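When reading the values below, keep in mind they use all heavy atoms of this one structure, side chains included, and skip hydrogens, waters and symmetry mates. The chains referred to below are lettered A, B, ... by the order of the sequence lines, with proteins before strands, and numbering in each begins at 1. On a predicted model such as this, the values are computed, not experimentally measured, just so you know.
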Amino acid sequence: MNGNTELKIFNTLTRRLEPFIPIEPGKVGIYLCGPTVYKPSHVGHMVGPVIFDSIKRYLKYLGFQVTFIVNITDIDDKLIKEAPLQNLTVASLAEKITQDYWENLKKLQVTQIDQFPKATHHIQQIIEMIQGLIDRGYAYPMNGDVYFDISKDSDYGKLCNRDPEQLEAGARIEVNAKKKNPGDFALWKSAKPGEPSWTSPWGEGRPGWHIECSAMSRTLLGDTIDIHGGGLDLQFPHHENELAQSESFTQKPFARYWMHNGLMKTGNKKMSKSEGNEIVVTELLKRHHPETLRFLLLNTHYRSPIEYSEDRLRELRRALDSYYRFFDRYQRICKESFYHLEGSQTKQDSIIQSSKNSLNRTLEKGTEKIDPTNPVESFLQEIQLCYQQFTACLNEDFNTGGAIGILFDLSSILNRFADQQGLETHPDKIEKPVMEAFKQGTLLFRELSQILGLFIEPVSSANTENTTLLDGLIQLALDLRQEARKNKNFAQADQIRKRLTELGVVLEDRAGGTDWRIN
RNA sequence: GGCCGCGUCGCCAAGUGGUAAGGCCACGGUUUGCAAAACCGUUAUUCCCCGGUUCGAAUCCGGGCGCGGCCUCCA
């Protein structure tokens, strides 16, 4: 698999675009920081999972074998504080919020995560790591707590370009008397009475924030992971500290590529629990289809802030509708569902590469020999160009926004071809190569959209959700209108359509009859 | 104060050295009995401002203005 050599990733560590080369050829380990499960997910929590879900889909497409881990931090001060407010134990609060998180991911078609390790299931590994850090002189116990000593880590601050001296100078945090340096951070925290705790060499207690990620990533992905991801807000202190612990412990590089996604914002403010302006995912999904949210998250490049607004979602839904209408059209023309098409799962098997179809036979002729006056040949050539542009976008630091732009181009090309060839207006006169080309173009659309995790399942339209009574009533109105049209009583026909439009029922007349949909 | 990033059409948004993708909105046209949908076309000689480098810059460098993030919990 050589396709991978073209892939470039922006690495936070070096602040540069770098060619992607995994440690072990053909294999990729990804660790993405997941949520602390104390409050229901807000939209921002979905950004990383959706983006990395698409990233994994693309890496698989390129032929990599990918392991993708997202942790669940289920023990933390915030849980301890929140649980009693809800009359729950820490464990049951964690369970409840984790379920909420998982349900949301599922709705957003985030299906590529292999494991969700939980901090409380890795206490042993955490303790071992802390002990190792103490043994090596990087950490010190203090009255039941254990702290990481940043002064012992010569390159502390390298991820975020921070100077430990200045961290001290500018520390606004109240100085914890137990720490040697203000920048030191807790690896282990002693338990107060009544708090959940585990037995350790330093007494009853719980892991500090950061160490769970170091321990779990090492357990599941080894000392060095290929890609470590997370939100921009985790860069410091979370990732800086993770990196410091892990490298001090293993004496090996912790992650080859650090990828940080931009934060969700509304207006000019970032969205977060502390700002109090977060949109809870389950609430949002009552108003919008999950695919619209996924589409929103992929439309902006992952490193940029994502503009969130209700208007924006409605706007994007209108854009998605044009795709959905194309899928309906495909069904009318080819008598099969777009959603049943099996797009190639890897670049190797791509419809573009396969030698068993007319598309490829045409493309093999080479650009010069393609007859521009032959509509099928020029159509196939346009399709191929889309393919090249699409992969070029994703190769350039996973430019999903650019890739979606190409998907729009592709659907225009397909619609235009269907128009020009009269695929719907005179289906009897269509020659086989024309139909075959149309199908292959659509199959390519399927192949590419699957990489983004888009259009995996049909969007349940209002039509199918409604009762047979509603269907019947609308059909009745349509029959009456058809009758009027037949009699050239257009005034009455238009009156019926107008009344339906006012009710939100949009009609589309075509050769085979009248379709309707609810707006 | 330190570190990081951003400023591209009315709105959203790609592009980051070779002469401005795409979406939404708007306006024309083809099609339609009329619509809807689809398609075609129009809409930034110009990318916050000022300098510089270059044959050539939205893209690189310097300065300015504006906005945001991190430095404390945060995806």
Side-chain angles (χ1 to χ4, degrees), chain A residues 12 15 17 32-36 38-39 41-51 70 76-78 81 157 160-163 165-167 169-174 183 209 229-238 240 260-265 268-275 278 295-296 299-301 303-307 309 311-312 314-322 325-326 328-329 389 393 396 399-409 411-420 424-425 485 488-491 493-494 497-498 501 506-510 514-517 519:
Chain A
T12 307
R15 258 160 272 282
L17 212 52
L32 174 69
C33 281
T36 299
Y38 76 108
K39 276 191 174 174
S41 320
H42 69 251
V43 183
H45 289 117
M46 300 294 112
V47 179
V50 166
I51 286 160
V70 176
D76 178 86
D77 293 1
K78 291 191 289 293
K81 211 169 153 188
C160 303
N161 198 4
R162 277 193 160 80
D163 179 358
E165 301 289 320
Q166 273 170 350
L167 279 177
R172 304 202 314 250
I173 38 172
E174 59 180 90
W209 185 41
L232 211 52
D233 52 348
L234 292 183
Q235 239 180 81
F236 193 91
H238 185 55
E240 192 71 61
H260 288 99
N261 61 265
L263 306 178
M264 207 84 191
K265 59 167 190 164
N268 259 338
K269 277 269 176 245
K270 79 156 179 170
M271 184 184 290
S272 77
K273 291 170 191 169
S274 48
E275 294 285 348
E278 80 269 27
F295 193 61
L296 167 74
N299 236 299
T300 306
H301 184 93
R303 279 193 283 121
S304 302
I306 301 170
E307 181 72 34
S309 74
D311 280 349
R312 181 110 201 271
R314 279 191 285 271
E315 173 192 320
L316 290 170
R317 174 56 197 245
R318 278 193 288 274
L320 281 170
D321 280 336
S322 73
R325 280 189 219 106
F326 171 72
D328 289 344
R329 188 177 199 187
Q389 291 172 327
C393 281
E396 206 69 12
N399 179 3
T400 52
I404 285 173
I406 305 303
L407 239 35
F408 277 107
D409 291 343
S411 76
S412 290
I413 290 166
L414 288 162
N415 270 131
R416 191 193 313 142
F417 188 67
D419 279 2
Q420 287 171 350
E424 282 192 88
T425 44
R485 289 176 76 204
K488 304 249 186 260
N489 187 350
F490 293 121
D494 290 351
R497 183 175 60 200
K498 186 168 166 254
T501 306
V506 180
L507 304 190
E508 293 183 18
D509 292 331
R510 40 184 123 258
T514 300
D515 285 347
W516 61 275
R517 66 191 149 85
N519 223 358

> Taking atom C1' of B:C39 as reference, at what distance in whole Å does atom CG of A:Asp419 sit?
Replying inline: 5 Å
> Looking for any heavy atom pair under 4.0 Å, which part of the strands does A:Met46 touch: base, sugar-phosphate only, or nothing?
Replying inline: nothing
> So what does A:Gly229 hit on the nucleic acid, given a heavy-atom distance under 4.0 Å: a base, only sugar-phosphate, or nothing?
Replying inline: nothing
> Is the shortest heavy-atom distance from the side chain of A:Tyr38 to the side chain of A:Asp76 under 4.5 Å?
Replying inline: no
> Looking only at atom C1', what distance separates B:A37 and B:U32, rounded to whole Å?
Replying inline: 11 Å
> Are A:Asn415 and A:Arg325 close enough that some pair of their side-chain heavy atoms sits under 4.5 Å apart?
Replying inline: no
> For A:Arg485 and B:C34, what is the distance between atoms CZ and C1' respectively, to the nearest whole Å?
Replying inline: 9 Å
>> I'd like to check the side chain to side chain donor-acceptor pair (under 3.5 Å) partners of A:Asp515; sequence neighbours left out, ordered by chain and number.
In response: A:Arg510
>> Within the 4.5 Å heavy-atom criterion, are A:Lys270 and A:Pro305 side-chain neighbours or not?
In response: no
Output a table of nitrogen or oxygen pairs between the protein and nucleotides 4-8 of chain B separated by less than 3.5 Å.
unit_1, atom_1, unit_2, atom_2, d
B:C4, OP1, A:Asn161, ND2, 3.1

>> What contact category does A:Gly230 fall into here, base, sugar-phosphate, or nothing, at under 4.0 angstrom with non-hydrogen atoms?
In response: sugar-phosphate
> Looking for any heavy atom pair under 4.0 Å, which part of the strands does A:Asp233 touch: base, sugar-phosphate only, or nothing?
Replying inline: base
> When the distance from NE2 of A:His260 to P of B:G69 is rounded to whole Å, what number comes out?
Replying inline: 17 Å
> Looking at side-chain heavy atoms only, is the closest gap between A:Lys78 and A:Lys81 below 4.5 Å?
Replying inline: no
> Taking only N and O in the side chain of A:Asn261, is any of them less than 4.0 Å away from OP1 or OP2 of B:A75?
Replying inline: no
>> When you measure only distances, ignoring hydrogens and angles, does the side chain of A:Arg325 come within 3.5 Å of the base of B:A37 through a donor and an acceptor?
In response: no
> Do side-chain atoms of A:Arg497 reach the backbone of A:Leu507 as a donor and acceptor pair under 3.5 angstrom?
Replying inline: no
>> Categorize A:Lys78 for me: base, sugar-phosphate, or nothing, with a 4.0 angstrom heavy-atom threshold over every strand shown.
In response: sugar-phosphate
>> Between A:Asp311 and A:Arg314 (salt bridge meaning N to carboxylate O under 4.0 Å), is one present in this structure?
In response: yes
Nucleotide N/O to protein N/O under 3.5 Å, stretch nucleotides 22-26 of chain B:
unit_1, atom_1, unit_2, atom_2, d
B:G23, N2, A:Glu315, OE2, 2.7
B:C24, O3', A:Arg318, NE, 3.3
B:C24, O2', A:Arg318, NH2, 3.4

>> Taking any heavy-atom pair under 4.0 Å as a contact, classify A:Leu232: base, sugar-phosphate, or nothing.
In response: nothing
> Any side-chain heavy-atom pair from A:Arg15 and A:Asn161 closer than 4.5 angstrom?
Replying inline: yes
Identify all pairs in which a protein N or O lies below 3.5 Å from an N or O of nucleotides 15-18 of chain B, and state each distance.
unit_1, atom_1, unit_2, atom_2, d
B:G15, OP1, A:Asn399, ND2, 3.0

>> Between A:Lys498 and B:C34, is there a contact of a side-chain N or O with OP1 or OP2 at under 4.0 Å?
In response: no
> Taking only residues two or more places apart in sequence, or in another chain, which ones meet A:Phe408 in a ring pair (Phe, Tyr, Trp, His ring centres under 6.0 Å)?
Replying inline: A:Tyr323
> Is any side-chain N or O of A:Arg416 closer than 4.0 Å to OP1 or OP2 of B:C40?
Replying inline: yes
>> Just to verify, what does A:Asn299 make a side chain to side chain donor-acceptor pair (under 3.5 Å) with, not counting sequence neighbours?
In response: none
